Amino acid sequence: MEIKSLQLQNFRNYPELLIEFDEKTNIIYGDNAQGKTNILEAVYLSSTSRSHKGAKDKEMIRFGEDEAHIKMIIRKNGIDHRIDLHIRKNKSKGIAIDGVSIRKASELFGLIHVIIFSPEDLSMVKNGPAERRRFMDLELCQLDKLYTSELSGYNKVLNDRNRMLKDLWIKPEYEEILPLYDIKLVNFGKHIIEAREKFISRLNDIVKEIHYSLTGGKEELVISYEPNVQGDRFEEELMRGAERDRHQKVTLTGPHRDDICFLANGIDLRKFGSQGQQRSAALSLKLAEIELVKSLSREYPVLLLDDVLSELDSSRQENLLGRINHIQTIMTCTGLDEFVKNRLAVNKIFHVMDNKVGGYQ
């Protein structure tokens with residue numbers, strides 16, 4: 001699979017933009033705050049219907065405008081497809097595939113698969129569990145359409161349940177309604193727990209070899225899923241913690257409190273790993289993610305690198321570049337540094353400046 005072109009209208013800082021990509025390595029360079037990441041965001045949005053930064057639709061529309069449009073042409077199995085997104089301030093976004101509107105965003109998943117890697121991802125191991133849950137959700141939503149539906153349902157029920165817990169003191173009638181939400185929460189949550197467990201188990205099988213190579217044989221990395229509660233005990237534990245939830249006015253049991261554990265030679269990198277170890281583990285995880293997509297979909301994903309190389313030392317740069325030279329990559333950076341020119345066969349270069357993209361090669 002590959003992305004052939006991207007056309008923007010009133011998206012972020014771009015009034016108009018048409019960019020045609022090479023099937024291999026594409027570099028987008030320019031000073032900070034010029035809109036390089038916005039291009040990657042548009043690609044990710046067109047592939048998944050959501051911003052990798054968690055932005056709301058109205059935040060992605062150019063200032064002073066009421067709507068934005070994105071058109072992306074992709075090639076899959078030798079056939080071209082067009083993805084159109086219509087983003088509006090006060091309405092849900094419209095999505096069409098090959099000119100035919102789709103009712104659910106999940107219908108978009110599987111048409112094109114993208115993996116984005118940003119400097120924030122390098123801190124995934126060091127940061128709190130919310131970052132690691134986000135990693136699982138972003139990938140699983142592309143791999144599993146049912147997961148997307150279950151996660152959306154779970155989050156809605158969770159928000160409603162938390163709102164009722166906060167308002168119980170003024171609306172005691174919620175006591176009769178809460179058990180209904182408990183049942184829904186458990187039903188959605190069981191599927192989420194099961195999917196995450198399988199996903200991390202598959203990643204763990206792949207990440208060991210990658211990390212062993214990345215560290216020169218010095219470390220054996222094991223990643224494991226740490227559910228807040230086991231699926232078959234979710235209902236029991238939710239009931240057991242009912243009074244605690246009412247006292248603290250929030251739901252304290254469920255997959256919204258899950259985590260991932262990273263052990264290198266038996267050491268928990270979240271707590272005791274050096275910054276270098278934590279970054280190596282995050283890099284290994286992303287590289288494993290690429291291979292997992294290939295094994296499940298039989299095609300390599302498109303890789304989006306958002307100014308990551310400048311955050312890696314030379315050995316990690318070489319390891320990353322050596323493993324991605326066979327897949328389509330769209331990479332942003334602030335300058336055409338020597339390490340990019342010398343270590344990577346660059347097929348196309350784009351220069352971003354003053355809301356325009358030029359300087360194609």
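The structure displayed is predicted, hence computed values, not measured ones. Numbers here are sequence positions counted from 1.
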Output yes when [X] and [Y] qualify as a salt bridge under the 4.0 Å nitrogen-oxygen rule, no when they do not.
{"X": "Glu67", "Y": "Lys91", "value": "no"}
{"X": "Glu291", "Y": "Lys294", "value": "no"}
{"X": "Arg82", "Y": "Asp98", "value": "no"}
{"X": "Glu226", "Y": "Arg132", "value": "no"}
{"X": "Arg316", "Y": "Asp313", "value": "yes"}

Would you tabulate the side-chain donor-acceptor contacts of residues 183-190 under 3.5 Å, counting partners in other chains and residues two or more places apart, or write 'none'?
| unit_1 | atom_1 | unit_2 | atom_2 | d |
| --- | --- | --- | --- | --- |
| Asn187 | ND2 | Ile183 | O | 3.3 |

Around atom [atom1] of [X], are there more than 12 heavy atoms from other residues, nucleotides or ligands closer than 6.0 Å?
{"X": "Glu236", "atom1": "CD", "value": "yes"}
{"X": "Lys76", "atom1": "NZ", "value": "yes"}
{"X": "Lys126", "atom1": "NZ", "value": "no"}
{"X": "Lys89", "atom1": "NZ", "value": "yes"}
{"X": "Glu176", "atom1": "CD", "value": "no"}
{"X": "Glu131", "atom1": "CD", "value": "yes"}
{"X": "Lys356", "atom1": "NZ", "value": "no"}

Decide whether Tyr154 and His256 meet the rule of one side-chain donor and one side-chain acceptor closer than 3.5 Å.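 Yes - a donor-acceptor pair under 3.5 Å links their side chains.
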Pair Arg323, Asn319: side-chain N/O donor-acceptor within cut-off below 3.5 Å: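 The answer is yes; a qualifying pair exists.
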Is any side-chain heavy atom of [Y] closer than 4.5 Å to one of [X]?
{"X": "Leu108", "Y": "Thr48", "result": "no"}
{"X": "Leu168", "Y": "Leu178", "result": "yes"}
{"X": "Cys333", "Y": "Leu309", "result": "no"}
{"X": "Tyr174", "Y": "Leu165", "result": "no"}
{"X": "Tyr14", "Y": "Ile19", "result": "no"}
{"X": "Pro172", "Y": "Glu175", "result": "no"}
{"X": "Lys348", "Y": "Ile330", "result": "no"}
{"X": "Asp66", "Y": "Ile61", "result": "no"}

Residue among Val293, Ile290, Val302 satisfying side-chain contact (heavy atoms from CB on, under 4.5 Å) with Ile327: Ile290
Would you say [X]'s side chain and [Y]'s backbone share a donor-acceptor pair under 3.5 angstrom?
{"X": "Glu299", "Y": "Met1", "value": "yes"}
{"X": "Lys286", "Y": "Ile116", "value": "yes"}
{"X": "Arg12", "Y": "Glu59", "value": "yes"}
{"X": "Asn13", "Y": "Gln34", "value": "yes"}
{"X": "Asn159", "Y": "Asn155", "value": "yes"}

Test of understanding: clusters of I, L, V, M, F, W, Y form through side-chain heavy atoms closer than 4.5 Å, transitively. Do [X] and [Y] belong to the same one?
{"X": "Leu269", "Y": "Tyr212", "value": "no"}
{"X": "Leu8", "Y": "Ile73", "value": "no"}
{"X": "Phe135", "Y": "Leu263", "value": "no"}
{"X": "Leu292", "Y": "Val222", "value": "no"}
{"X": "Met72", "Y": "Phe109", "value": "no"}

Which class fits the ring pair His351 and Tyr29: parallel under 30°, tilted 30 to 60°, perpendicular over 60°? parallel
Results of side chain to side chain contact (heavy atoms under 4.5 Å, CB included) for Glu197 - residues two or more places apart only: Tyr225
Between Phe21 and Asn347, does the side chain to side chain contact (heavy atoms under 4.5 Å, CB included) criterion hold? Intermediate values first, please. CA-CA 9 Å; Phe21 298 108; Asn347 301 95; over 6 Å; no
Could you please spell out the steps behind the side chain to side chain contact (heavy atoms under 4.5 Å, CB included) verdict for Asn32 and Thr334? CA-CA 7 Å; Asn32 290 324; Thr334 54; 3.4 Å; yes
Go through the steps for Arg270 and Asp268 under the test salt bridge (charged side-chain N to carboxylate O under 4.0 Å, His left out), then give the verdict. CA-CA 6 Å; Arg270 297 170 300 182; Asp268 189 340; 2.9 Å; yes
Minimal heavy-atom distance between Cys141 and Thr148, with the atoms involved, is O-OG1, 3.1 Å
Using the side chain to side chain donor-acceptor pair (under 3.5 Å) rule, pick out the option among [options] that qualifies with [X].
{"X": "Thr251", "options": "Arg244, Arg257, Arg161", "answer": "Arg161"}
{"X": "Tyr147", "options": "Gln142, Glu194, Arg196, His191", "answer": "Arg196"}
{"X": "Thr37", "options": "Asp306, Asp307, Thr332", "answer": "Asp306"}

Please evaluate residues Val357 and Ile39 with respect to the criterion side chain to side chain contact (heavy atoms under 4.5 Å, CB included), reporting the C-alpha separation (whole Å), side-chain torsions for both, the decisive distance (0.1 Å), and the verdict. CA-CA 10 Å; Val357 177; Ile39 295 173; 4.0 Å; yes
Can you list the steps and then say if Ile87 with Leu45 is a side chain to side chain contact (heavy atoms under 4.5 Å, CB included)? CA-CA 11 Å; Ile87 308 171; Leu45 182 69; 3.6 Å; yes
Does any pair with a residue in residues 104-119 pass side-chain hydrogen bond (donor to acceptor under 3.5 Å, both in side chains), and if so which ones, sequence neighbours excluded?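 side-chain hydrogen bond (donor to acceptor under 3.5 Å, both in side chains) check on residues 104-119 returns His113-Glu139, Ser118-Glu120, Ser118-Asp121.
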